[in-house]
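Working notes, structure below.
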Amino acid sequence: MSHEQRLADLFTEMINTHDPDLVDRFVAEDYLNHNAFVADGREANRQFWSMFFAGLPDVTVTMEDLVISGDRVVGRFVYRGTHTGELMGFPATGKPVEMRTIDIWRVQDGMFVEHWDELNLMQVFQQIGALPALGGTGAQA
């Protein structure tokens with residue numbers, strides 16, 4: 001197993017064990033996060049995951065694809081959980097949530113040092129009732 005694959009596996013393990021302290025093993029201290037919801041740095045990353053696990057305490061993630069090229073690691077993930085705590089300012093609804101993401105990391109000195117992602121947050125917000133479903137009455141999912 002390559003070191004880059006091990007970093008992606010640690011990311012998945014962190015989510016599936018709900019242990020935000022595992023970021024110490026794969027996120028650089030000066031991590032750059034190109035994401036509107038998470039500030040730069042390892043500590044901001046740890047705080048985000050703590051909040052995420054509080055909102056979706058039964059969340060699991062599946063890594064569906066992993067591509068390693070040069071200093072880049074690209075993963076496609078599916079998160080599944082139940083919205084039983086506050087999440088991004090939305091109170092608990094008890095509704096099931098499925099979120100798909102594509103994450104790209106840059107690796108340097110054996111750690112993830114930079115991150116970009118694409119999230120299907122519109123679907124998540126629809127699932128918890130924060131946004132209406134698209135297509136009007138009778139639309140197929």
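Here the CG atom belonging to L87 is positioned 5.0 Å from the NE2 atom belonging to H83, to the nearest 0.5 angstrom.
Proximity of the aromatic rings of F11 and F112 is defined here by a centroid distance below 6.0 angstrom, and this criterion is not met.
Between F37 and F48 the shortest heavy-atom distance is O-CD1, 4.3 Å. In terms of heavy-atom proximity, S2 sits nearest to I68 at OG-CD1, 3.5 Å. Taking all atoms of both residues into account, the shortest heavy-atom contact from V27 to M111 is O-CE, 3.3 Å. The minimum heavy-atom distance linking F90 with A130 is given by the pair CE2-CB, 3.4 Å. Residue R80 comes nearest to E98 through the heavy atom pair NE-OE1, 3.1 Å, listed as atom of the first residue, atom of the second, then distance.
Using a 3.5 Å distance cut-off with no hydrogens or angles, the side chains of T101 and D103 do pair a donor with an acceptor. Inspection of the N35 and H115 side chains reveals no N or O donor paired with an N or O acceptor under 3.5 Å. Under the 3.5 Å distance criterion, with hydrogens and angles disregarded, a donor-acceptor pair is assigned to the side chains of T82 and D58.
L22 is listed as a side-chain neighbour of E13, based on a closest heavy-atom distance under 4.5 Å. Here the side chains of R46 and D24 are in contact, with some heavy-atom distance below 4.5 Å. Residues T62 and F77 are not in side-chain contact: their nearest non-hydrogen atoms beyond the backbone lie 4.5 Å or more apart. At a threshold of 4.5 Å between non-hydrogen side-chain atoms, the residues I102 and D117 do not count as touching. Under the 4.5 Å side-chain criterion, counting only non-hydrogen atoms from C-beta, E29 is in contact with R42. Looking only at side-chain heavy atoms (C-beta outward), V78 and V61 stay at 4.5 Å or farther from each other. Side-chain contact between E86 and P91 is absent, with no heavy-atom pair separated by less than 4.5 Å. Side-chain contact between F26 and M14 is present, with heavy atoms from C-beta onward closer than 4.5 Å.
When the options L7, L66, I104 are evaluated for a side chain to side chain contact (heavy atoms under 4.5 Å, CB included) with V73, the one that passes is L66.
Around atom CD of E118, no more than 12 heavy atoms belonging to other residues, nucleotides or ligands sit under 6.0 Å away.
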